[in-house]
2 protein chains.
Amino acid sequence: MEEKTLSKKKVSNALARRLPVYYRNVCAMVTEGVQNLTSAELAARIGNTSAQVRQDFYTCGGVNGYNAVVLKDWLGAKIGLENRKQMVVVGTGNLGRAIISFKGFNKLNFFIDAAFDSDLMLKGMQINGVPILNVSILEKYLLENKVDILVITTPAGAAQEIFEMAVKCGVKGVWNFAPVDLRPKEGVEVENMHLGDSLMTLSFRIREKEENQALKEKQQK
Amino acid sequence: MEEKTLSKKKVSNALARRLPVYYRNVCAMVTEGVQNLTSAELAARIGNTSAQVRQDFYTCGGVNGYNAVVLKDWLGAKIGLENRKQMVVVGTGNLGRAIISFKGFNKLNFFIDAAFDSDLMLKGMQINGVPILNVSILEKYLLENKVDILVITTPAGAAQEIFEMAVKCGVKGVWNFAPVDLRPKEGVEVENMHLGDSLMTLSFRIREKEENQALKEKQQK
């Protein structure tokens with residue numbers, strides 16, 4: 001029974017993925033000068049139904065009216081953007097560098113303080129102003145500094161050990177790009193980003209469309 | 001009515017995202033030497049219920065038995081992996097380079113033939129054996145070569161124009177990493193990968209957990 005009550009409080013994965021889309025689009029509408037918006041306008045923009053938008057906002061506790069700025073701030077608070085998040089990136093290959101150099105994160109209140117790599121040659125270098133430290137001091141760093149989110153962009157083999165270290169040192173969230181599935185553990189939330197999965201989903205949609213097209217043509221004959 | 005019949009054929013986004021996870025895990029089990037597996041074993045491995053696994057496989061047309069290799073091939077065929085997919089990457093910044101250098105795609109039957117960039121200095125160079133061509137010849141290239149999937153890793157401003165070109169030239173799928181939402185159009189499937197959205201979903205989960213924790217502590221007092 002207890003588990004049921006607890007899991008009830010956790011919103012669905014689908015909604016947890018729609019919230020950033022709402023936020024991003026409401027931000028864009030504010031930038032465009034929109035003052036008030038309807039659920040239908042927001043829904044049309046993101047290719048969803050207004051009933052879904054209203055249901056989602058209700059599930060998240062409800063918001064008074066649809067003033068664009070109020071809605072933006074409400075969504076931002078739901079997503080937890082009001083608190084500055086300190087991040088570190090472990091692995092400074094192309095993907096690590098891409099994440100460190102990505103311009104959009106600071107605007108969302110995410111800040112990368114340090115990068116770690118096992119390559120001793122990189123020690124003392126910087127990427128976009130972010131210092132590269134040796135991974136041998138990662139545990140010490142995590143214990144001495146406030147790190148909300150640890151980003152893993154290492155090869156698969158190194159990911160689990162780094163994850164365990166993050167759990168042990170009290171990091172709140174792990175954003176994992178290594179091609180392994182890490183599971184939430186002892187208070188650490190995990191977001192696994194599998195590039196291959198995304199590409200396979202696209203492949204599936206292409207195949208599905210081709211099959212439906214073939215079926216349609218067959219029916220028309 | 002017609003629309004309803006058509007949309008019925010399209011599986012849910014949630015299932016389209018679970019299929020690659022099934023595939024990846026069944027592949028791993030085959031590598032580990034597993035010969036037969038149950039829906040419960042697969043479910044436990046990916047943190048889902050066996051009822052969900054059976055339901056998903058039924059939705060996809062059903063599979064006879066759970067021989068690991070048969071299941072792997074069946075899932076691969078559903079995802080469309082049996083056909084070699086030719087890809088090009090537009091934009092050769094850190095993210096473009098990361099994708100071009102990613103080792104896992106070839107194994108899944110995806111191959112990157114060329115990269116495009118607007119920087120004339122890069123012309124004639126290669127990344128991981130993939131030639132960098134100037135974006136001015138992209139349209140010509142798309143018309144003269146078989147390109148199944150076009151990957152966009154350009155800044156936001158350039159994405160829409162490249163997308164329109166992909167649509168015009170008959171590319172089947174667009175994998176978009178630029179921070180704009182591209183919508184499926186005239187037979188072109190789109191997979192938008194928003195790094196910021198993924199980070200925001202993680203942020204939301206962290207905040208949700210903290211709130212539930214605070215609520216629990218309050219109830220215990």
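In this text, all values refer to a predicted model and were calculated from it rather than measured experimentally. In what follows, chains are A, B, ... by sequence order, proteins preceding strands, each numbered from 1.
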Check each atom of [X] against the heavy atoms of chain B and say whether the ones under 4.5 Å are side chain, backbone, both or neither.
X	answer
A/N25	side chain
A/I206	both
A/A28	neither
A/Y22	neither
A/A16	both
A/V151	neither
A/S203	both
A/K85	side chain

Is any side-chain heavy atom of [X] closer than 4.5 Å to a side-chain heavy atom of [Y]?
X	Y	value
B/I79	A/R205	no
B/P20	A/H194	no
A/L195	B/W175	yes
B/L95	A/N94	no

Original post:
To the nearest 0.5 Å, what is the distance between CG (B/N109) and CG (A/L199)?
Top reply: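 Reported value, rounded in 0.5 Å steps: 11.0 Å.
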
Original post:
At what distance, to the nearest 0.5 angstrom, does CZ of A/R24 lie from CE of B/M200?
Top reply: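 CE of B/M200 is found 6.5 Å from CZ of A/R24.
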
Can [X] and [Y] be counted as an ion pair, charged N to O under 4.0 angstrom?
X	Y	result
B/R17	A/D197	no
A/E208	B/K78	no
B/D181	A/R45	no
B/E189	A/K209	yes

Leading residue by heavy atom contact count with chain A [cutoff under 4.5 Å; candidates [options]]:
options	result
B/G93, B/G96, B/G80	B/G80
B/P184, B/A77, B/G104, B/A14	B/A77
B/M87, B/Q213, B/R183, B/K172	B/R183

Original post:
Would B/L202 and A/I149 satisfy side chain to side chain contact (heavy atoms under 4.5 Å, CB included), going step by step from the backbone distance to the final call?
Top reply: CA-CA 9 Å; B/L202 178 58; A/I149 294 172; 3.9 Å; yes

Subject >> B/F163: ring-ring contact (aromatic ring centres under 6.0 Å, His included) partners, not counting sequence neighbours >> reply: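 Applying ring-ring contact (aromatic ring centres under 6.0 Å, His included) to B/F163 gives none.
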
**OP:** Could you please spell out the steps behind the side chain to side chain contact (heavy atoms under 4.5 Å, CB included) verdict for A/F204 and B/L81?
**Re:** CA-CA 8 Å; A/F204 170 75; B/L81 301 182; over 6 Å; no

**OP:** Select one option (side chain, backbone, both, neither) describing which atoms of B/N83 are under 4.5 Å from chain A's heavy atoms.
**Re:** neither

